[in-house]
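Just so you know, ligand 1 is whichever comes first in the structure, and atom 1 is the first atom listed for that ligand. Note that this is a predicted model, so its numbers are computed, not measured.
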Amino acid sequence: MAGSGTAHLRDDPDVLIRVENMVVEFSIPGGTVHAVSDVSFDLVEGETLGIVGESGCGKSTTARAVIQLPKPTSGTVSYQGRDLTALGNEEMRKIRPDVQMIFQDPISSLNPRRTVHDIISEGLRVWGGRGVWSEERIEELMEAVGIDPRYSERKPHQFSGGQCQRISIARALVLDPKVIICDEPVSALDVSVQAQILNLLEDMKERYGVSLIFISHDLSVVKNVSDRVMVMYMGKVCEIAQSDELFDHPVHHYTRALMSAIPGAQVTGQADLLEGELPSAIEPPSGCRFRTRCPKATEHCRVEEPQVREVSPGHWVACHFPHERD
Ligand SMILES: Nc1ncnc2c1ncn2[C@@H]1O[C@H](COP(=O)(O)OP(=O)(O)OP(=O)(O)O)[C@@H](O)[C@H]1O
Ligand code: SF4
Ligand SMILES: [Mg+2]
């Protein structure tokens, strides 16, 4: 888009999360930040949805608003058919264990004064959740994520970044969640460690039957872990498709520009190069928000916002003049 629309939402009984027309705005002294503007997507049980886009496009805000931190300015977020935006704090508390988050900086997201054992078990004490409290369960999870249970009395600073991210994953899993939202989970790690953590997430997904929302600014990371990928630009959805389809046949000019920037990537047809600065999120461009940087923009793009439409089965784009699917 960058545009709007809900035509791509699926009518599937296995839909776990359905985000519809979500808007998140922040009031700041200079005006209103339009962080997420009419975004819709869904997540089906067992699926990994990748969300990708440049820094500041609203990925983290989208993720946090799913768990109602902050509550969206408007729109709905349904989990298993219940609209979370309409729930009070007490009802939300019962659902919170089901949807866990893992963050970018593993070391600072763990309490430095707590032992690993306390960090992993804390969620059970705070939230209850469906997870069964037992020492065996903590030990099993430590082993599952590759941390020796003999180190359970150590503190985060005694572990590497990669090991801390393993501990974060155990902490999320202890509540027996249905969904884990991973916000740039490997961006702060060395490349060699990134692959290990991505493999671990895949293993945990299979073993514990969780579904994932996987956020990254790095297309090549998202490609390998996602079943479907949603590309965002300035708080809007540009394109959404099965991962292979999106990477083999990108049609949105922003997606194509992102792909052209990956070293060694092959984008058929003329490459769209990303030029110019990201506009202000306080005064986003009219019509298509990508128009100020789009090589194919016309007057029409200035006055009318594109809506998502299907270019091939399951492949959706919000662009008035998309690249022809080849
Ligand atoms: N609490 C807040 N108050 C004001 N503005 C905010 C707040 N949180 C986020 N923003 C703004 O909202 C927009 C989206 O930010 P967000 O952190 O969601 O982007 P992102 O895609 O996760 O970026 P990154 O890749 O850098 O993590 C940005 O313009 C950001 O400055
Ligand atoms: S062609 Fe127009 S609608 Fe499509 S991405 Fe470019 S500016 Fe947006
Ligand atoms: Mg972020």
Side-chain angles (χ1 to χ4, degrees), residues 1-5 19 22-37 39 50-67 69-73 101-105 108-109 181-188 213-219 221-222 230-239 250-258 269-270 272-309 311 316-325:
M1 314 189 188
S4 310
V19 172
M22 186 163 81
V23 173
V24 187
E25 293 172 349
F26 299 104
S27 290
I28 59 167
T32 301
V33 179
H34 300 273
V36 178
S37 304
V39 162
I51 302 182
V52 71
E54 280 169 288
S55 180
C57 75
K59 303 179 297 294
S60 298
T61 306
T62 300
R64 289 172 188 274
V66 166
I67 58 168
L69 294 171
K71 254 189 193 305
T73 310
M101 277 196 75
I102 295 173
F103 299 98
Q104 172 168 349
D105 187 345
S108 69
S109 70
I181 302 177
C182 309
D183 189 0
E184 306 262 10
V186 299
S187 306
I213 294 178
F214 188 97
I215 293 170
S216 178
H217 63 277
D218 186 341
L219 264 183
V221 169
V222 167
M230 175 168 94
V231 180
M232 285 183 73
Y233 181 79
M234 287 200 77
K236 296 278 187 183
V237 179
C238 296
E239 188 164 8
V251 296
H252 194 286
H253 305 293
Y254 178 59
T255 313
R256 295 175 61 79
L258 284 181
Q270 195 190 347
D272 293 319
L273 296 177
L274 201 52
E275 287 170 356
E277 294 287 305
L278 198 62
S280 156
I282 297 176
E283 282 181 84
S286 61
C288 173
R289 286 192 183 176
F290 186 53
R291 70 177 167 80
T292 57
R293 300 169 82 192
C294 178
K296 301 288 191 284
T298 69
E299 175 62 12
H300 186 52
C301 307
R302 188 179 68 80
V303 292
E304 190 171 323
E305 182 179 38
Q307 302 289 307
V308 278
R309 62 192 170 95
V311 288
W316 299 82
V317 68
C319 171
H320 295 306
F321 311 107
H323 185 84
E324 198 172 325
R325 185 182 174 281

Open item on the list: Distance under 4.0 Å to a non-hydrogen atom of C294: what atoms of ligand 2 satisfy this?
Closed with: 1 (S), 5 (S), 6 (Fe), 7 (S)
Open item on the list: Can you work out which protein residues put a heavy atom within less than 4.0 Å of ligand 1?
Closed with: F26, I28, V33, A35, E54, S55, G56, C57, G58, K59, S60, T61, E184, A281
Open item on the list: Counting neighbours of CD on E299 that are heavy atoms of other residues, nucleotides or ligands and sit closer than 6.0 Å, is the number greater than 12?
Closed with: yes
Open item on the list: To check you understand the geometry: which heavy-atom pair defines the closest contact between F321 and C301, and what is its length?
Closed with: CE1-SG, 3.7 Å
TODO: Considering the heavy atoms of A297, write down every atom of ligand 2 situated less than 4.0 Å from one of them.
DONE: 7 (S)
Task: Beyond-backbone contact of R64 with I181, side-chain heavy atoms, under 4.5 angstrom - done: no
Open item on the list: What I'd like to find out is whether the side chain of S286 reaches to under 4.5 Å of the side chain of R291, using heavy atoms alone.
Closed with: yes
In a table with atom names and distances, give each donor-acceptor pair under 3.5 Å that connects a side chain of residues 25-32 to protein atoms at least two apart or in another chain.
from, atom 1, to, atom 2, distance (Å)
E25, OE2, H34, ND1, 3.3

Open item on the list: Taking a cutoff of less than 4.0 Å between a non-hydrogen atom of the residue and any ligand atom, is R289 in contact with ligand 2?
Closed with: no
Task: Side chain proximity check, K296 to H323, heavy atoms < 4.5 angstrom - done: no
TODO: Could you list the atoms of ligand 2 found under 4.0 angstrom from a heavy atom of H252?
DONE: 5 (S)
TODO: May I ask you to test the R289-P279 pair for a side-chain heavy-atom distance under 4.5 Å?
DONE: no
TODO: Considering non-hydrogen atoms only, spot the tightest contact between M101 and A63 and give its length.
DONE: CE-CB, 3.9 Å
TODO: Check ligand 2 against R291 and write out every atom of the ligand that is under 4.0 Å from a heavy-atom position of the residue.
DONE: 7 (S)
Open item on the list: Between H253 and atom 4 (Fe) of ligand 2, is there a contact where an N/O/S atom of the residue lies under 2.8 Å from the metal?
Closed with: no
Open item on the list: I want to check something: taking the side chain as every heavy atom from C-beta on, are D183 and Q104 in contact at a cut-off of under 4.5 Å?
Closed with: no
Task: Any residue meeting side-chain hydrogen bond (donor to acceptor under 3.5 Å, both in side chains) with T298, in chain and number order, not counting sequence neighbours - done: none
Task: Note, Y254 side chain near E54 side chain (heavy atom, < 4.5 Å) - done: yes
Task: Enumerated ligand 2 atoms positioned under 4.0 Å from heavy atoms of H320 - done: 3 (S), 4 (Fe)
- [ ] With the Mg ion (ligand 3) as the centre, enumerate protein N/O/S atoms below 2.8 Å in chain and residue order.
- [x] S60 OG
Open item on the list: So S216 and E184, do their side chains get closer than 4.5 Å, heavy atoms only?
Closed with: yes
Open item on the list: Need the ligand 2 atom indices (1-based, order shown) with element for anything under 4.0 Å from a heavy-atom of C301.
Closed with: 1 (S), 2 (Fe), 3 (S), 7 (S)
TODO: Please state whether the rings of H252 and F290 are parallel, tilted or perpendicular, taking 30° and 60° as the class boundaries.
DONE: tilted
